[in-house]
Protein chains: 2
Amino acid sequence: MTVSIKDVARAAGVSPATVSRALSGGKVSAELRAQVEDAVHRTGYRPNLSARRLRSQESQTIGLIVADICNPFFTAVARAVEDEAYKAGLRVILCNTDENPEKESMYLQLMEEERVTGVIFAPTRATAGRLGKLRLNYPIVLIDRADIASGQDAVVLDNAAAATMLVEHLHGQGYRHIAGLFGNASTTGIERHAGFTAAMQRLGLQPESRFVAPSIEAAEAEIASWLSHGHAPEAVVASNGLLLMGVVKAIRAAGKRIPEDLAVAGFDNESWTELAGPGLTVIEQPVAEIGRTAMHLLLERLETPGAPVRKVVLGGRCVVRGSTKAVQPLLA
Amino acid sequence: MTVSIKDVARAAGVSPATVSRALSGGKVSAELRAQVEDAVHRTGYRPNLSARRLRSQESQTIGLIVADICNPFFTAVARAVEDEAYKAGLRVILCNTDENPEKESMYLQLMEEERVTGVIFAPTRATAGRLGKLRLNYPIVLIDRADIASGQDAVVLDNAAAATMLVEHLHGQGYRHIAGLFGNASTTGIERHAGFTAAMQRLGLQPESRFVAPSIEAAEAEIASWLSHGHAPEAVVASNGLLLMGVVKAIRAAGKRIPEDLAVAGFDNESWTELAGPGLTVIEQPVAEIGRTAMHLLLERLETPGAPVRKVVLGGRCVVRGSTKAVQPLLA
DNA sequence: TTGAAAGCGCTAACAC
DNA sequence: GTGTTAGCGCTTTCAA
């Protein structure tokens with residue numbers, strides 16, 4: 001039924017090895033190469049990647065495991081990873097964990113069975129911790145989230161510094177009662193919380209923080225509760241794009257205004273943040289750079305397995321928009 | 001280095017065949033099964049999927065080829081497809097074409113090399129047309145876009161009816177000068193344009209249409225041009241979520257207001273459409289249903305290769321929001 | 001039930 | 001340069 005390399009060899013009047021060599025750019029005379037190409041065309045031959053991978057013992061494939069590719073942050077990172085992988089002749093298997101540790105385990109195991117050459121991974125806190133014990137048969141580069149001393153290469157944002165930028169900006173605009181909303185599943189939330197808290201204290205302000213599930217709904221419910229109980233702060237900082245959207249939805253649903261009733265700042269410069277309300281003040285992450293760097297770290301790790309573990313920390317940029325406008329003119 | 005089924009067999013004191021049977025749920029005595037499981041654990045054995053696929057001649061894998069998974073429409077569809085595939089014990093390889101026919105060809109060929117059992121595909125117009133001639137070694141189910149008589153199973157939205165709903169709603173709100181903005185790469189754009197035009201004519205209105213590349217930027221540039229030349233219509237219909245976002249961005253950038261200066265309606269009920277301006281009136285597609293149906297069509301096609309080609313047409317729902325509010329009170 | 005042996009389609013070692 | 005041969009890791013006859 002299916003046409004194999006033997007069929008092509010027969011059609012071209014050469015040996016299977018010659019076909020293999022011709023197709024993989026090995027040393028073959030121009031004459032035979034032409035015959036092979038012709039035979040490939042005539043027979044409609046398609047190499048069987050499973051056979052090739054089995055025989056050559058290399059999958060030419062990497063795994064990319066993220067929480068949710070639809071999160072624009074991961075989208076952009078994934079895009080950069082794929083571009084770099086493609087240049088290096090590697091295929092990418094994409095996996096979405098939905099921040100679910102069981103799915104993470106499953107995919108980590110699946111990647112072993114696929115015999116991937118390496119994995120780029122944005123783990124939950126639960127998994128990041130036990131990654132060292134897992135003895136996977138491939139190297140991992142962590143992105144976005146990285147436990148202290150996880151023993152893995154990693155590329156992350158300077159989360160504490162970014163949170164500090166947001167707090168200082170809000171403070172500069174005259175806001176004093178500032179609350180923070182953080183995701184409870186990732187180390188990112190922890191780090192941003194730490195930066196937020198430290199910056200608030202440094203400014204002599206009382207930090208107020210909530211950890212919620214990393215979903216629009218969870219953030220929306222939390223803010224709705226603040227608003228309906230009448231104990232909302234003057235400003236809120238959301239630690240990622242999902243939470244930020246939940247915040248905005250809750251404010252709209254309550255019929256309140258940004259920033260008059262509640263100022264808003266957050267992470268991730270997603271395209272809709274420009275369109276919502278008066279525009280949202282956000283931290284823009286160097287997403288493409290994160291993806292590129294992760295891929296490079298992985299390639300270098302593959303070349304030099306014994307090299308010391310490396311962690312690359314990148315800085316964010318604060319994009320100021322209307323959602324943090326000073327409500328009352330400040331006194332000089 | 002890597003541990004194979006032979007190593008497990010040796011460790012368990014049985015033959016490789018018994019290990020294989022034990023792992024795939026074949027007939028094995030409880031005693032040996034326990035020994036095998038123990039040996040698997042001790043050796044850290046992971047089955048090699050390439051070898052399994054090669055030997056069994058079935059990949060247990062389907063391909064899902066879409067324009068861009070980050071487009072929320074495809075995101076939701078993909079999610080439903082993956083859920084159904086998972087239930088059926090199938091893996092999903094996801095491919096993004098960016099509406100680029102060359103990438104489509106490449107992925108179509110790659111799917112052959114991966115020996116997938118089937119493919120779910122949202123093709124560009126260019127590729128949809130020549131799909132019949134391609135003689136791929138797997139069945140295809142088309143989603144979202146489907147050429148007349150492409151000879152493939154398909155599940156699509158009733159695009160003409162949906163466009164008609166939008167036109168009639170705008171007309172009912174008092175708008176008369178209505179322009180349409182359509183994607184130029186897919187049959188979807190064509191069908192929505194046809195529905196739009198027919199509905200406008202039926203109402204005795206002059207349809208005005210523009211076809212642009214399916215990107216935020218293209219839509220933004222087009223609308224910006226209308227606005228700056230001062231010949232903007234009263235209302236605009238955008239034929240998908242990307243174009244819709246471009247429209248909103250352009251209106252904001254020009255400092256105009258929705259719907260007072262330009263009313264807006266479009267396709268795809270993405271989460272940001274609720275947040276932008278006064279909320280955007282959109283057609284909501286039954287995204288999960290589309291994905292589920294596509295997967296079912298594919299599974300049935302695999303069971304019954306000779307069955308007649310089927311096309312499932314699903315209806316959309318019009319979600320009315322502030323972007324199409326009647327500006328002046330209508331006379332009775 | 002279990003084991004021995006063959007072979008999926010391919011590439012790489014070795015001979016010529 | 002080219003062909004012959006062996007074997008990657010697995011499943012699946014076929015015997016026992």
Side-chain angles (χ1 to χ4, degrees), chain A residues 1-37 39-40 43-61 89 91 109-117 137, chain B residues 1-37 39-40 43-61 89 91 109-117 137:
Chain A
M1 173 63 232
T2 177
V3 24
S4 85
I5 204 169
K6 281 185 186 172
D7 302 312
V8 179
R10 199 174 311 124
V14 300
S15 76
T18 299
V19 176
S20 175
R21 279 190 280 257
L23 293 179
S24 58
K27 290 224 169 293
V28 179
S29 68
E31 191 185 9
L32 288 194
R33 183 179 297 275
Q35 288 178 38
V36 168
E37 274 165 16
V40 165
T43 55
Y45 170 72
R46 293 276 177 270
N48 182 320
L49 292 185
S50 292
R52 177 176 292 175
R53 292 199 265 256
L54 174 59
R55 172 63 232 221
S56 65
Q57 296 290 69
E58 49 186 55
S59 61
Q60 303 281 47
T61 299
R91 205 173 59 102
Q109 177 168 338
L110 182 63
M111 292 306 100
E112 292 203 279
E113 302 184 356
E114 293 279 5
R115 299 296 190 268
V116 297
T117 55
N137 60 19
Chain B
M1 174 61 233
T2 177
V3 24
S4 84
I5 204 169
K6 280 185 185 171
D7 303 312
V8 179
R10 200 174 309 123
V14 301
S15 74
T18 299
V19 176
S20 174
R21 279 189 279 257
L23 293 179
S24 58
K27 289 225 168 292
V28 179
S29 68
E31 191 184 9
L32 288 195
R33 183 179 296 274
Q35 288 178 38
V36 168
E37 275 166 15
V40 165
T43 55
Y45 170 71
R46 293 275 177 271
N48 183 319
L49 292 184
S50 293
R52 178 175 291 176
R53 293 191 189 115
L54 174 60
R55 172 63 230 218
S56 65
Q57 295 290 71
E58 51 186 52
S59 61
Q60 304 281 46
T61 299
R91 205 174 58 102
Q109 177 168 338
L110 182 63
M111 292 306 101
E112 293 204 279
E113 301 184 356
E114 293 280 4
R115 299 297 191 266
V116 297
T117 56
N137 59 19

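In what follows, chains are A, B, ... by sequence order, proteins preceding strands, each numbered from 1.
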Using five base pairs at each end to define the local axes, how bent is the helix from C:dT1-D:dA16 to C:dC16-D:dG1, to the nearest 10°?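 Axis angle across the helix from C:dT1-D:dA16 to C:dC16-D:dG1, nearest 10°: 40°.
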
Of all of residues 25-36 of chain B, which get a heavy atom below 4.0 angstrom from DNA chain C, listed by number?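 Heavy-atom contacts with DNA chain C come from B:V28, B:S29, B:L32.
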
Looking at [atom1] of [X] and [atom2] of [Y], how far apart are the two atoms once the value is rounded to the nearest 0.5 Å?
{"X": "B:E31", "Y": "B:R33", "atom1": "CD", "atom2": "CZ", "answer": "12.5 Å"}
{"X": "B:M111", "Y": "B:T117", "atom1": "CE", "atom2": "OG1", "answer": "11.5 Å"}
{"X": "A:R115", "Y": "B:T2", "atom1": "CZ", "atom2": "OG1", "answer": "4.0 Å"}
{"X": "B:E113", "Y": "B:S59", "atom1": "CD", "atom2": "OG", "answer": "13.0 Å"}

Show me the side-chain donor-acceptor pairs of residues 17-26 of chain A shorter than 3.5 Å, one per line, residues at least two apart or across chains.
from: A:T18; atom 1: OG1; to: A:S15; atom 2: OG; distance (Å): 3.3
from: A:S24; atom 1: OG; to: A:S20; atom 2: O; distance (Å): 2.9

Just distance, no hydrogens or angles: give the donor-acceptor pairs under 3.5 Å from side chains in residues 43-53 of chain B, sequence neighbours left out.
from: B:T43; atom 1: OG1; to: B:A39; atom 2: O; distance (Å): 2.7
from: B:T43; atom 1: OG1; to: B:V40; atom 2: O; distance (Å): 3.2
from: B:T43; atom 1: OG1; to: B:Y45; atom 2: N; distance (Å): 3.4
from: B:R46; atom 1: NE; to: A:E112; atom 2: OE1; distance (Å): 2.7
from: B:N48; atom 1: OD1; to: B:S50; atom 2: N; distance (Å): 2.9
from: B:N48; atom 1: OD1; to: B:A51; atom 2: N; distance (Å): 3.1
from: B:R53; atom 1: NH1; to: A:E114; atom 2: OE1; distance (Å): 3.4
from: B:R53; atom 1: NH2; to: A:E114; atom 2: OE2; distance (Å): 2.9

Could I get a table of every N or O pair under 3.5 Å where one atom is in the protein and the other is in nucleotides 10-13 of chain D?
from: D:dC10; atom 1: OP1; to: B:Y45; atom 2: OH; distance (Å): 2.4
from: D:dC10; atom 1: OP1; to: B:N48; atom 2: N; distance (Å): 3.1
from: D:dC10; atom 1: OP2; to: B:I5; atom 2: N; distance (Å): 2.4
from: D:dT11; atom 1: OP1; to: B:R52; atom 2: NE; distance (Å): 2.8
from: D:dT11; atom 1: OP2; to: B:S20; atom 2: OG; distance (Å): 2.8
from: D:dT11; atom 1: O2; to: B:R55; atom 2: NE; distance (Å): 3.3
from: D:dT11; atom 1: O2; to: B:R55; atom 2: NH1; distance (Å): 2.6
from: D:dT12; atom 1: O4'; to: B:R55; atom 2: NH2; distance (Å): 3.2

For chain B and DNA chain C, what are the first and last nucleotides along the strand, 5' to 3', with at least one atom under 4.0 angstrom from a heavy atom of the protein chain?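 For DNA chain C, the relevant span reads C:dT1 to C:dG9.
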
Verify side chain to side chain contact (heavy atoms under 4.5 Å, CB included) between B:V36 and B:V28, making sure each step is shown before the conclusion. CA-CA 10 Å; B:V36 168; B:V28 179; 5.7 Å; no

